[in-house]
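This report concerns only the one structure given below.
Residue numbers start from 1 in every chain, and the chains themselves are labelled A, B, ... in the order their sequence lines are given, proteins ahead of strands.
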Amino acid sequence: MHKRFDNQAIESKWQEKWNENGIYDVGERDTSKEKEYVLVELPYPSGNLHIGHWHAFAVPDIYVRYLRMTGKQVLYPMGFDAFGLPAENAAIKRDINPKEWTEGNIDYMKDQLGSMGAAFSWDKTTATTDQDYYKWTQWMFTEFFKKDIAYRGTGKVNWCPKCNTVIANEQVLSDDTCERCGTEVEKKEMPQWMLKITDYADRLVDDLEDLNWPEHIKEAQRRWIGRSEGAEITFNLSTGDDVTVFTTRPDTLFGATYMVLAPEHPLVTQNESSITNWDEVVRYIELSKKKSEQDRLDDTKEKTGVKLEGVTATNPANGEEIPVFIADYVLAGYGTGAIMAVPAHDERDFAFAAKYNVPIQQVVVPNVVPNVEDMPQEDKETLVRDVVDLIIEHPTDGTFLMQKEIDGENVYEHFVGGGTDGETDEVAIGRELEEETGFKNYEVISKVFTTQTYAYRHTKDKNQDCLSNFYHIKLTDLEQVPSEVEEGKHTIDWCMKDEVDTRMTWPGHRMAWNYFAHNEVYTGDGFLIESGEFDKTNSEEAKVAITEKVGGKMTNTYRLRDWSVGRQRYWGVPIPIVYDPEGNAHPVPKEHLPWCLPSDVDFRPTGEPPLAKSAELKKRTEEIFGEGWTPEVETLDTFVDSSWYFLRYIDNQNDDMFASLEKQKNWMPIDLYFGGAEHTTMHLLYSRFWQKALLDLRYVTENEPYKRRINRGLILGPDGNKMSKSKGNVIDPDDHVKTVGADTVKMYLAFMGPYGETANYPWDMGGIAGIRRFLERVYGLSEHVADTEPEEVTKQLHKTILKLAKDIPEFKFNTAISAMMVFVNLVEKNTLTQESYEVFLRALAPFAPHLSEELWEAAGKTESIHLEGFPEADAELAADTEVTIGVQINGKVRGDITIAPDASEEEAMAAAQSNEKLAERLAGTVKKVIYIPGKIMNVIVVD
RNA sequence: GCCGCGGUGGCGGAAUUGGUAGACGCGUGCGACUCAAAAUCGCAUUCUUUCGGGGGUGAGGGUUCGAUUCCCUCCCGCGGCACCA
């Protein structure tokens with residue numbers, strides 16, 4: 001029976017009791033239990049808990065409570081990431097110190113978090129602004145400094161003019177705006193504190209492999225790091241200088257018909273005297289500077305550049321003299337800032353070459369069979385047979401350019417035939433299998449050329465038809481070659497090698513790949529041509545061989561840049577570095593940590609670091625280190641603070657170390673990390689790097705901090721849009737907690753859809769009312785308690801528990817709640833025993849901690865329900881004694897029968913016959929019966 | 001453009017080693033209670049229909065006794081990256 005309850009009274013009563021008794025405190029590691037470290041991203045104390053926080057913390061709480069009830073020792077800590085610009089900006093607005101503002105917010109938010117009634121491990125909390133937290137942030141930084149992981153670098157940095165500070169590459173969005181404020185960032189040349197994340201690039205990529213993370217997050221990190229495997233090759237310039245280029249395609253070196261330097265490349269200005277069109281060059285450099293600062297929305301993306309007249313380079317592979325350009329499609333910041341251009345095999349180089357009339361030399365041919373045009377059908381078949389014979393005879397020498405790596409080793413030995421299907425210009429390639437029943441069977445050996453499967457008459461033995469599935473190769477690009485090659489149209493007239501030519505020659509035809517006539521570039525791998533001694537080798541082998549020949553070296557290049565961590569703002573961790581009178585940097589020794597943030601400054605942003613104005617900091621530095629010593633005045637990026645917070649939770653009272661190795665061994669790694677998608681290539685990357693850097697210094701026990709990651713979606717406003725004040729669609733959780741209760745809000749958020757999908761769910765006022773109604777029904781459920789209950793109820797109870805035990809660990813809270821609703825709906829029409837009632841309450845406890853606790857007490861219990869175990873289902877009681885299955889006649893469902901799950905086909909048929917409607921349809925001749933016990937029966941009937 | 005994910009009623013979403021599509025909730029309609037309304041309770045709710053049926057999981061094709069689920073082609077939406085050599 002539906003029954004209203006006073007959510008406010010119930011919730012405050014239990015929140016108080018739980019606090020008093022500290023039932024969620026974790027304390028010391030209890031090794032008699034398995035550990036689970038469940039982490040949620042620590043919030044920024046903005047001063048108000050929004051619905052996203054509820055979604056982020058209250059829903060995972062279901063999982064946490066479930067784990068606790070199944071006997072795990074669960075660490076579910078909560079803390080505050082409290083340094084950073086919002087506090088500073090808010091403080092400026094209110095004319096107070098950010099510390100004050102932050103501390104006030106933390107207190108307020110702790111209360112709000114308390115209103116969730118979540119099982120947070122408050123005894124393990126921390127805040128990044130605490131001195132005994134940032135002391136360790138600073139200590140780690142000094143340790144990194146000693147190992148050159150932290151260094152003072154120079155170069156261009158991203159400057160946000162609104163935030164008045166440098167920001168890291170990861171904090172610049174793809175449209176060149178600041179991740180925090182949306183302002184367009186500027187490039188600025190200034191000294192900067194950097195962390196050498198690039199040294200960890202390979203490990204950051206490779207170690208992703210074993211992580212249980214959603215693939216798209218891994219992929220995003222891989223792309224962000226952007227490892228390219230290739231070679232560095234040095235070209236000589238006519239001026240005597242050497243230029244090293246990076247290329248992923250050293251196999252195409254013979255096709256390098258020009259080279260390009262980035263406009264900013266130092267060799268450009270160094271060779272001013274040799275460049276005869278210097279004015280033009282300077283103009284272009286100026287233009288490209290302006291362009292990069294201007295709009296990048298220039299979607300024409302036409303390549304531009306200028307030839308360096310008077311300068312040439314020598315292709316080290318063939319000794320040919322090639323022109324040198326500057327062009328802004330070559331980026332100074334990537335690779336070596338210079339490229340060898342291979343227009344035949346690179347889209348960009350091709351576009352540029354076409355515009356500036358540079359020769360195009362094809363040196364790689366793809367391993368596909370060419371096209372056939374205007375060829376009589378029988379001739380095609382003959383051709384294909386020739387192709388196939390050729391492949392059999394020359395499987396790997398590259399004379400015929402078939403995919404070499406096909407479905408295992410030695411496939412060509414089994415190769416038997418190919419042919420067209422008589423309708424399309426396609427060739428099928430298969431391999432012979434066992435001879436059976438007079439037919440030859442073939443299996444697919446190439447998946448590369450897949451189009452579709454079809455039945456095919458093979459050509460080896462013309463007298464025998466055999467049906468088999470084959471994959472197809474499209475014959476493309478075989479054309480009649482004009483007797484005279486027209487320049488510009490058929491830029492390349494590459495033909496098969498002589499010995500092949502004779503076999504493949506068609507009267508009046510030669511085979512040719514004329515990609516350029518089709519305005520296409522071949523960027524794939526293949527076999528080499530026009531490459532001297534390397535002809536006929538494949539790309540993979542040629543990469544190494546050619547690099548070796550020209551004295552280059554195989555190397556990797558990364559898109560990832562070092563992490564710029566210095567911030568020219570006030571509210572952050574002071575960088576614990578001091579400078580001696582000569583200007584050399586020294587780490588602040590451990591005994592002087594925390595190197596406290598001074599308060600005697602005007603921290604309003606001017607672009608100058610506020611700490612530079614602190615007399616106290618200056619005085620402190622001189623007192624400790626001596627006359628003439630000066631402090632570093634920048635503070636650390638807040639992403640530094642959050643790179644290791646999960647380690648402090650583990651041992652938050654430790655004065656000697658940020659966390660002892662012993663306690664780390666107890667709790668790390670984090671078993672599950674819930675968070676938002678925005679951290680994919682920021683926090684999630686930074687903290688992985690941080691962990692690895694600490695591992696190398698032997699301060700941590702794990703190589704990777706997070707075993708498993710689940711991203712959650714967004715809660716949208718009732719109108720389906722992202723919540724924003726300007727749209728007026730913001731849902732304030734406090735309102736709903738007051739009116740319908742914390743349990744209701746939490747369960748509603750869990751009920752909207754599966755957690756951990758990237759789906760975003762709109763807030764639905766009606767939907768939350770439905771959850772409230774459900775809980776009111778639960779509140780009235782005790783009225784149905786009786787001495788006995790129908791078997792149906794017992795069965796459903798056990799089914800529900802089974803469902804919960806399956807769904808909760810998969811974060812399918814929506815279907816778990818649905819199962820409980822089904823149970824409650826059934827009980828309302830029946831009775832249930834006190835025992836079953838209590839079992840149900842325990843199952844409900846992770847979802848509705850307050851209400852279940854209240855009802856538990858009302859049932860006469862004195863201990864908290866949250867110290868109880870999760871109910872265990874009896875599979876036998878849950879098993880169905882009979883099932884209703886559909887009966888299909890000729891594939892259409894015409895009715896259903898209720899039989900035992902393991903009933904025989906005869907019994908099932910008998911049941912169907914006793915159904916009048918079905919019997920009618922079963923009157924004809926039964927040709928076939930498909931009966932899957934417990935699932936379906938399909939009867940094929942012929943009239 | 002490239003990569004990743006997705007497309008199921010009026011709405012959020014169930015169901016995939018292929019087996020009665022639409023669980024559960026919302027909304028809607030009708031009824032009960034009420035002087036009345038709200039709340040609550042009960043029944044109904046994929047579309048269509050000549051009440052026999054027929055169609056239906058973005059579109060089209062394929063495999064199968066049977067396809068939301070597997071395969072092929074295409075369309076649309078969302079997210080990420082976009083001159084990275």
Residue pair A:T234 / A:D242, side-chain donor-acceptor N/O under 3.5 Å: no

Nucleotide nearest A:L331 (side chain, heavy atoms from C-beta), chosen from B:rA14, B:rA85, B:rC65: B:rA85

Touch class at under 4.0 angstrom, heavy-atom based, for A:V342 against every strand present: nothing

Sugar-phosphate only, base, or nothing, as touched by A:K892 at under 4.0 Å among non-hydrogen atoms: sugar-phosphate

Aromatic ring pairing A:F352/A:F325, orientation class (parallel under 30°, perpendicular over 60°, tilted between): perpendicular

Candidates B:rA85, B:rG25, B:rC26 - which lies nearest the side chain of A:D346: B:rA85

Under 3.5 Å side-chain donor-acceptor pair for A:N158 and A:N169: yes

Touch class at under 4.0 angstrom, heavy-atom based, for A:G886 against every strand present: base

C1' gap between B:rU20 and B:rG56, integer Å: 15 Å

Sugar-phosphate, base or nothing in reach of A:D349, heavy atoms under 4.0 Å: nothing

B:rG25 glycosidic torsion: syn (within 90° of 0) vs anti: anti

Who pairs with B:rG12 - Watson-Crick or G-U, where each distance is under 3.5 Å: B:rC24

Pairing nucleotide - B:rG29, Watson-Crick or G-U, each distance under 3.5 Å: B:rC43

Touch class at under 4.0 angstrom, heavy-atom based, for A:T680 against every strand present: nothing

OP1 or OP2 of B:rA14 under 4.0 Å from side-chain N/O of A:N814: yes

Which residue lies more 5' along RNA chain B, comparing A:G226 with A:R4 via nearest heavy atoms: A:R4

Residue pair A:D562 / A:T198, side-chain donor-acceptor N/O under 3.5 Å: yes

A:R894 vs B:rG54: side-chain N/O to OP1/OP2 distance below 4.0 Å: yes

Of the listed nucleotides B:rC65, B:rA14, B:rC83, the one nearest the side chain of A:N938: B:rC65

Any A:Y761 side-chain nitrogen or oxygen under 4.0 Å from OP1 or OP2 of B:rG12: no

Any A:R773 side-chain N or O less than 4.0 Å from OP1/OP2 of B:rU40: yes

Separation of the P atoms in B:rU69 and B:rG18, to the nearest angstrom: 11 Å

side-chain N/O A:R559 vs B:rA82 OP1/OP2, d < 4.0 Å: yes

Check: A:Y334/A:S228 side-chain N/O donor and acceptor closer than 3.5 Å: yes

